[in-house]
Every structure is written in structure tokens, then in C-alpha cells.
Amino acid sequence: MTVNCPSGHPSTSTDYCDVCGLPIGVAATPAAASTPAPAVAAPAPAATPASAPAGQACPNCQEPASADALFCENCGYDFTTGTMPRPASSLDLSAAPAPPGPPASTAVAEWVVERWVDPDWYAVQQSDDPCPSPGLPVVIPLLEKSVLIGRPSRSRGITPEIDCGDDTGVSRRQAQLTTDGQRWWVEDLQSSNGTFVAPAAGPLPEDPIIPGQRQELDPDDRIYVGAWPRLVVRTATPEEQAGQA
């Protein structure tokens, strides 16, 4: 009986090869030729990321949001149920408080104007308007450093601080009083009948002051306008200041 050894030699012996002596029952050693390495599989191409979901706009405020958003971050609109945001309530602590209003004015006038009816001045003006009854003066606090003497006009937006509206001889914008806090000046504003100034102890004035030029007032000077108003600028008494508080 002839068998082949693991190396391929024919051998009559069944235990060892008659040619090379290799045991017949042992697996042959692989040949010296190297077995080619298995080919390395090329890496699979990276999966293309899925495109981001398309955005959406809030139906309530039009603010852009992602497609998977549940609520609008701007106004709180519910994308899943379509619920509109709850309007702010005065009891909602998250609502911004209303800004405080301006503080009430506490200014007290240090100066006032006395507006008298002067029959002597009216007698020389030859006015067709009746003269009001003389009496106690109207005391007008001077809260500003510049105040207007004149007659009001709603159509022209004229609201003089020293209102002589019941005398048609007074112009709408008759004269301006200004101060630096210690002294006062009067300026005629191109009035129709002029503005006159005279000292308290002197006679009635005959010549008006020059329009457009300020004239400083001395203490107790009298200002005459129109047919009968006589104006006197003076410091306010403590009682008058207390009444303004």
C-alpha cells in the first residue's frame, strides 16, 4: 500500500515517510510562500447628515423658530396646540411695572404781580370799553423767569401768564417780564397801544417804553397797559407763599 506523506512523497510505510521521514499522521507545514494578506475593505463612505429641519415663523409675532420648537421664545405662542399667549395682566408679577410719573411740582413763587384797575389811567385813555369796578388787586404768582402779559387766544395758542383778557386795548402779546432772580425787566412786544412805566410816587406816564428794548424795573414801579390795567411786580409775602404750598 502506498500513501503520500504530508509533503507529497509516496511512501510504502504508513507511519513515517520513506523519503523525508515526516510522520504520516502530522499535518504538513504550510509552504514558505507567504499567504497573501486579505485585502482590507475600503471604509464605507460617511453618511451624509440629514439636512436640518426647515424653520417656521411664529403666527403671532412672526419671530423665526426651529421646526421642532414647541413654543415661540419671543411671545410664548404654543406651536403644538395653536394657543395664543396670555395677555399681560396687572396681577402678573412678570409684567414690567409702569414707569413712575413725574413728581408733583412743589415750586413756590418768590415774586408776584398785582393787577389793579386804575380809574385815573382809564380816564386819560378815552376807551370805549367800560371800566371795571376798582377794588383789591388780582395777585398772580410768577413761577417762571419769563412771563407774558397779554390777552389769550385759543386759535393762536396764546396763553399769557398775566391775563388782561377783559381789556381789548391790550394786545395778544403785549409785553414780556423777565428776571435773573433778583431784578426784573419789562419789554414791549410791538403792542398796538404801547407799554408805559412810571414810579409809584410820580405822575401817570406819557411816553411808552421803546419796543424791543428791555427796561429794568425799580421797586414799586408801575406798568400801564391797555385802558385800565396797572401792574406792580413785588416779592411775595410769607402768607402768599404759604398759600401756594
Taking all atoms of both residues into account, what is the closest heavy-atom pair of [X] and [Y], and its distance?
| X | Y | result |
| --- | --- | --- |
| S192 | S171 | N-OG, 2.9 Å |
| L142 | A109 | O-CB, 3.6 Å |
| V112 | V139 | CB-CG1, 3.8 Å |
| A175 | T195 | CB-OG1, 3.8 Å |
| A200 | D220 | CB-O, 3.4 Å |
| V170 | G150 | CG1-CA, 3.9 Å |

> Is a side-chain donor-acceptor pair under 3.5 Å present for Q176 with S146?
Replying inline: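 Yes - a donor-acceptor pair under 3.5 Å links their side chains.
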> Going by distance alone, is a donor N or O of one side chain under 3.5 Å from an acceptor N or O of the other, for E187 and W185?
Replying inline: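 On atom types as modelled, these side chains do not qualify, holding no pair under 3.5 Å.
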>> So, using salt bridge (Lys or Arg N to Asp or Glu O under 4.0 Å) as the criterion, who are the partners of D118 when residues are at least two apart?
In response: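 Once residues adjacent in sequence are excluded, the partners of D118 under the salt bridge (Lys or Arg N to Asp or Glu O under 4.0 Å) criterion are R230.
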> Taking only residues two or more places apart in sequence, or in another chain, which ones meet R214 in a salt bridge (Lys or Arg N to Asp or Glu O under 4.0 Å)?
Replying inline: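 Result, salt bridge (Lys or Arg N to Asp or Glu O under 4.0 Å) vs R214: none returned.
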>> Consider ring pair (Phe, Tyr, Trp, His ring centres under 6.0 Å). Of W116, W121, Y122, F196, which one does Y224 pass it with?
In response: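 Running ring pair (Phe, Tyr, Trp, His ring centres under 6.0 Å) over W116, W121, Y122, F196 with Y224 returns exactly one hit, W121.
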>> Evaluate N193 against V225 for side-chain contact (heavy atoms from CB on, under 4.5 Å), listing each step before the verdict.
In response: CA-CA 8 Å; N193 298 316; V225 294; over 6 Å; no
>> In the structure I gave you, are the side-chain heavy atoms of V113 and V232 within less than 4.5 Å of one another anywhere?
In response: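 Side-chain contact under 4.5 Å: no.
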> Can you find a heavy atom in the side chain of D166 that is under 4.5 Å from one in the side chain of W228?
Replying inline: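 Yes, close enough: below the 4.5 Å cut-off.
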Donor-acceptor contacts, no H, no angles, side chain residues 157-165, under 3.5 Å, sequence neighbours left out:
residue, atom, partner, partner atom, Å
E161, OE1, L148, N, 2.8
D163, OD1, G165, N, 2.7

> How many angstroms lie between CD in E63 and SG in C58, if you round to the nearest 0.5 Å?
Replying inline: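 The distance works out to 8.0 Å.
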>> Regarding E240 and R234, does a basic nitrogen lie under 4.0 Å from an acidic carboxylate oxygen?
In response: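 Here E240 pairs with R234 in a salt bridge, since their nearest N and O are under 4.0 Å apart.
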